[in-house]
Participant: 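Dropping a structure here in structure tokens format, bear with me for questions.
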Protein chains: 2
Amino acid sequence: MDDQLSRVFSALADPIRRDMVARLAVGDATVNELAEPYSVTVQAVSKHLKVLEDAGLVSRSKQAQRRPVHLEAEVFDLMTKWIERYRQEAEQRYQRLDAVLAEMAQQTEETRVEGEAS
Amino acid sequence: MDDQLSRVFSALADPIRRDMVARLAVGDATVNELAEPYSVTVQAVSKHLKVLEDAGLVSRSKQAQRRPVHLEAEVFDLMTKWIERYRQEAEQRYQRLDAVLAEMAQQTEETRVEGEAS
DNA sequence: TCCTTACTCAACCTCTCGGTTGAACACACA
DNA sequence: TGTGTGTTCAACCGAGAGGTTGAGTAAGGA
């Protein structure tokens with residue numbers, strides 16, 4: 001679990017953390033603001049934010065005693081690239097299989113027609 | 001960790017499982033074939049496959065005593081949709097911020113020019 | 001200066017995860 | 001029918017995740 005891709009996927013595997021990302025997509029927020037909707041302690045939320053930060057999904061600045069959290073959009077690209085790559089391969093494979101099946105059907109049809117012609 | 005999105009992200013958080021997905025994008029494979037490259041037992045690989053299967057990322061059929069594993073491409077859409085949604089929001093927000101900053105710079109410039117004119 | 005607010009750190013607990021070994025099951029094949 | 005092959009199930013173990021409480025730090029405000 002030391003590469004960034006693992007950290008990003010792992011970070012987003014938690015519903016609370018995905019919810020926080022959704023919240024942060026609307027605008028920056030402080031730790032207390034983020035903690036408000038959930039029934040967990042602020043400390044737990046602070047831990048969740050650390051996970052998101054380590055994954056590069058958010059950044060935390062410093063305004064007086066507040067620590068506004070900001071969503072970093074770039075890291076999402078890392079995931080989409082990975083996903084798209086294998087999805088495309090899998091889909092192409094599926095289409096090739098379709099083509100093979102179609103060809104087999106075609107040949108069977110031809111054989112049948114030839115058989116009828118004789 | 002009971003919703004599918006959590007299961008999918010969690011499944012792909014493991015490097016071995018991502019590697020298996022990469023392998024399966026090339027073509028179907030049996031458990032033993034999938035286990036071969038890794039230094040873990042076949043049982044551990046079987047467990048990994050169960051995780052991928054529960055997430056809907058792969059399916060297992062039955063050929064004699066073999067269980068060929070097949071990659072299911074559709075589930076990837078679930079992820080890409082989620083990711084794209086928040087990435088777009090975050091990027092739009094970033095662009096709006098850019099616009100606001102540009103406007104502020106413009107106004108400052110105008111004020112400066114007006115100041116110089118008087 | 002003292003109090004309050006916003007947050008993090010440290011220690012602890014419980015549950016899950018990824019791994020192991022050993023046994024069981026299902027099927028092909030001699 | 002027995003034997004080998006491919007796979008899963010069950011029980012266990014150590015490490016880490018996610019939660020708690022309690023204390024510590026840093027800054028604003030009376």
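Chain identifiers are assigned alphabetically (A, B, ...) following the order of the sequence lines, protein sequences preceding nucleic acid strands; residue numbering begins at 1 within each chain.
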Participant: Below the 4.0 Å mark, does D:dG19 have OP1 or OP2 next to a side-chain nitrogen or oxygen of A:H48?
Facilitator: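 For D:dG19, OP1/OP2 do have a side-chain N/O of A:H48 under 4.0 Å.
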Participant: Only one of A:V58, A:L24, A:V42 passes side-chain contact (heavy atoms from CB on, under 4.5 Å) with A:L34; say which it is.
Facilitator: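 Among the candidates, only A:L24 passes.
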Participant: List in chain and number order the residues that pass side chain to side chain donor-acceptor pair (under 3.5 Å) with B:R23, two or more places apart in sequence or in another chain; answer none if no residue qualifies.
Facilitator: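 Applying side chain to side chain donor-acceptor pair (under 3.5 Å) to B:R23 gives none.
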Participant: Please name the residue in the list A:E53, A:E72, A:H70 that meets the side chain to side chain donor-acceptor pair (under 3.5 Å) test with A:S59.
Facilitator: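 The option that passes is A:E72.
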Participant: Below 4.0 angstrom from OP1 or OP2 of C:dC7, is there any side-chain N or O of A:R60?
Facilitator: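 So the side chain of A:R60 is outside the cut-off, no N or O lying under 4.0 Å from OP1 or OP2 of C:dC7.
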Participant: Send over the distance from A:R67 CZ to D:dA27 P, rounded to a whole Å.
Facilitator: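 The answer, rounded to whole Å, is 8 Å.
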Participant: Quick one: B:L34 CG to D:dT8 P, roughly how many Å, whole number?
Facilitator: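 So the two atoms are 11 Å apart, to the nearest Å.
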Participant: Taking the nucleotide of DNA chain D with the nearest heavy atom to each, does A:K62 or A:R17 sit closer to the 5' end?
Facilitator: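 Result: A:R17.
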Participant: Rounded to whole angstroms, how far apart are CG on B:D14 and P on D:dA17?
Facilitator: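 Computing the B:D14:CG to D:dA17:P distance gives 13 Å.
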Participant: Between the base of C:dG22 and the side chain of B:Q43, is there a donor and acceptor pair under 3.5 angstrom?
Facilitator: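 Indeed, a donor on one side and an acceptor on the other fall under 3.5 Å apart.
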Participant: On the nucleotide C:dT5, are OP1 or OP2 found under 4.0 Å from the side-chain N or O atoms that A:N32 carries?
Facilitator: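 Checking C:dT5 against A:N32, no side-chain N or O comes under 4.0 Å of OP1 or OP2.
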Participant: Between B:Q65 (CD) and C:dC29 (C1'), how many Å, whole number?
Facilitator: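 Taking atom C1' of C:dC29 as the reference, CD of B:Q65 is at 10 Å.
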Participant: Can you tell me the distance, in whole Å, between the NZ atom of B:K47 and the C1' atom of C:dT20?
Facilitator: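 Rounded to the whole Å, the gap is 8 Å.
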Participant: Just how far is it from atom CD of B:E74 to atom CG of B:L57, taken to the nearest 0.5 Å?
Facilitator: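 These two atoms lie 10.0 Å from each other.
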Participant: Let me know the distance between CD of B:E53 and P of D:dT7, rounded to the nearest Å.
Facilitator: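 Distance, rounded to whole Å: 13 Å.
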Participant: Using a cut-off of strictly less than 4.0 Å, decide whether A:S46 has a side-chain nitrogen or oxygen near OP1 or OP2 of C:dC7.
Facilitator: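 Checking C:dC7 against A:S46, no side-chain N or O comes under 4.0 Å of OP1 or OP2.
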Participant: Using a cut-off of less than 4.0 Å, is there contact between a side-chain N or O of B:T41 and OP1 or OP2 of C:dT20?
Facilitator: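 Yes, because at least one side-chain N or O of B:T41 sits under 4.0 Å from OP1 or OP2 of C:dT20.
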Participant: To the nearest Å, give me how far apart CD1 (B:I16) and C1' (C:dG18) are.
Facilitator: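 Result: 9 Å.
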Participant: Under 4.0 Å from OP1 or OP2 of C:dA6: is there any side-chain N or O of A:R66 that close?
Facilitator: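 For A:R66, the contact criterion (side-chain N or O under 4.0 Å from OP1 or OP2 of C:dA6) is met.
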Participant: Considering every strand and a 4.0 Å limit on heavy-atom distances, what is the contact class for A:K50: base, sugar-phosphate, or nothing?
Facilitator: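 No contact.
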Participant: Nearest 0.5 Å, please: how far is OG1 in B:T80 from CZ in B:R85?
Facilitator: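 Result: 13.5 Å between the selected atoms.
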Participant: Whole angstrom is fine here: how far is it from CG in A:D54 over to C1' in C:dT8?
Facilitator: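 Between C1' of C:dT8 and CG of A:D54: 14 Å.
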